[in-house]
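Taking it in order: structure first as structure tokens, then the write-up.
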Amino acid sequence: MIDIKNITKSFGSLQVLKGIDLSIEKGEIVSIVGPSGAGKTTLLQIIGTLDRPDTGTINIDGVDITSVSEKKLSDFRNQRLGFVFQFHQLLPEFSAIENVMIPAYIAGRNSKEAKKQAEELLTFMGLSDRAHHKPSQLSGGEKQRVAVARALINNPAVILADEPSGSLDSKNKKELHQLFFDLRDKFGQTFIIVTHDEELASLTDRTIHMRDGLIYTSATAAPTENTNQNFTIESL
């Protein structure tokens, strides 16, 4: 699904990534952890086509994203990748359902079809009764679920999340973590999550540890009982 070879990235004289090699399987939920300055977010941005590496290649679902034009890269980003940020990044002047539909409009999809899918996603998130509320009328957990629905609207192959639960309280945080696994089971997406949250990292299929611009360990989670199973999407 994702094959990364010898990725380097510098900003001026500072080398942030020093030769990253990484493979991620379809349907895998992978966390990337490490101290501030390790290069986690830079790597996530490069995988998400928001920045280009200095050297190396990245192949996502059969496409070498390091060799395509900016126009094709923009289309690939819109149609094949979904993004979830720490602070949801919803547009305040639009309702929840309108925010969810924005990537579908950018992709040129039929408005009626996009609205139907947005309604289905919000229902899955337990937000059918909040569809026409603006972000200022939603709780923190509700805003983040709208952001997740927005990431899913174009049926992307990969969801990229940067500290997705960093702004949530402990209850909403646990429920968001469970939501990622529910989504993987239902829609089959691959998740790459940059996080400082040790609890989330311990739940993922694999944890990638970064330090000083390099991957130094890649550990598969031991089989454990998922303690989040009693949480429901609707209560987030």
Side-chain angles (χ1 to χ4, degrees), residues 1-89 103 106 147 151 154 156-167 180 184 189-198 200-221:
M1 161 57 78
I2 302 175
D3 190 29
I4 299 169
K5 294 186 182 300
N6 193 36
I7 291 297
T8 66
K9 181 67 178 180
S10 295
F11 297 97
S13 61
L14 177 64
Q15 189 174 20
V16 178
L17 299 178
K18 302 176 182 178
I20 300 294
D21 294 306
L22 179 64
S23 292
I24 298 172
E25 299 298 323
K26 179 176 174 58
E28 198 174 12
I29 299 181
V30 173
S31 56
I32 302 177
V33 302
S36 296
K40 306 182 301 296
T41 295
T42 299
L43 177 60
L44 194 75
Q45 290 175 338
I46 289 174
I47 296 171
T49 74
L50 299 174
D51 201 355
R52 286 188 181 267
D54 296 333
T55 66
T57 60
I58 301 176
N59 191 293
I60 301 179
D61 207 18
V63 177
D64 180 0
I65 63 171
T66 56
S67 65
V68 300
S69 68
E70 288 297 331
K71 173 62 169 67
K72 289 183 178 179
L73 200 61
S74 178
D75 292 341
F76 180 87
R77 185 187 310 122
N78 173 250
Q79 297 167 19
R80 305 307 307 276
L81 305 177
F83 297 87
V84 181
F85 304 99
Q86 180 174 353
F87 295 105
H88 57 75
Q89 305 293 338
I106 293 172
N154 284 338
V158 180
I159 302 293
L160 303 163
D162 192 359
E163 298 289 356
S165 58
S167 64
F180 290 143
R184 188 265 302 273
Q189 272 100 357
T190 302
F191 282 78
I192 305 175
I193 306 169
V194 164
T195 183
H196 283 98
D197 192 298
E198 294 182 3
L200 173 56
S202 70
L203 295 173
T204 57
D205 300 325
R206 187 158 47 112
T207 302
I208 308 297
H209 296 268
M210 289 188 67
R211 183 173 58 204
D212 299 328
L214 292 166
I215 293 172
Y216 67 95
T217 62
S218 176
T220 302

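As the structure is a computational prediction, the values presented were derived from the model and not from experiment.
- Here L43 contributes atom CG and I32 contributes atom CD1; the two are 5.0 Å apart, rounded to the nearest 0.5 Å.
- Under the side-chain hydrogen bond (donor to acceptor under 3.5 Å, both in side chains) criterion, D3 pairs with S23, sequence neighbours left out.
- Scanning for side-chain hydrogen bond (donor to acceptor under 3.5 Å, both in side chains) contacts around S10 gives an empty result, with sequence neighbours left out.
- Residues forming a side chain to side chain contact (heavy atoms under 4.5 Å, CB included) with L50 (at least two apart in sequence, or on another chain): Q45, R77, F83.
- Side chain to side chain, T8 and T55 meet the donor-acceptor criterion of an N or O pair below 3.5 Å.
- Atom NE2 in H209 sits 7.0 Å away from atom OG in S31 (nearest 0.5 Å).
- Nearest heavy-atom pair, P156 versus A151, reported as atom, atom and distance to 0.1 Å: CG-O, 3.2 Å.
- Residues satisfying the side chain to side chain contact (heavy atoms under 4.5 Å, CB included) test with T42, not counting sequence neighbours, are K9, F11, V16, L17, I46.
- With sequence neighbours left out, the side chain to side chain contact (heavy atoms under 4.5 Å, CB included) criterion links V158 to M1, I2, I60, L81, L160, T190, I192.
- Among pairs with a residue in residues 56-72, those fulfilling salt bridge (charged side-chain N to carboxylate O under 4.0 Å, His left out) read R52-E70, D61-R80, K71-D75, at least two apart in sequence or across chains.
- Note on residues 20-42: pairs passing salt bridge (charged side-chain N to carboxylate O under 4.0 Å, His left out), not counting sequence neighbours, are E28-R206.
- For the salt bridge (charged side-chain N to carboxylate O under 4.0 Å, His left out) test, no residue two or more places apart in sequence or in another chain qualifies with D162.
- A distance of 11.5 Å separates CD1 in I4 from CG in N6, rounded to the nearest 0.5 Å.
- Applying the side-chain hydrogen bond (donor to acceptor under 3.5 Å, both in side chains) rule to Q189 yields no partners; only residues at least two apart in sequence or on another chain are considered.
- Here A161 pairs with V84, P164, I193 under the side chain to side chain contact (heavy atoms under 4.5 Å, CB included) rule; sequence neighbours left out.
- For F180, the ring-ring contact (aromatic ring centres under 6.0 Å, His included) partners two or more places apart in sequence, or in a different chain, are F191.
- With sequence neighbours excluded, no residue forms a side-chain hydrogen bond (donor to acceptor under 3.5 Å, both in side chains) with D212.
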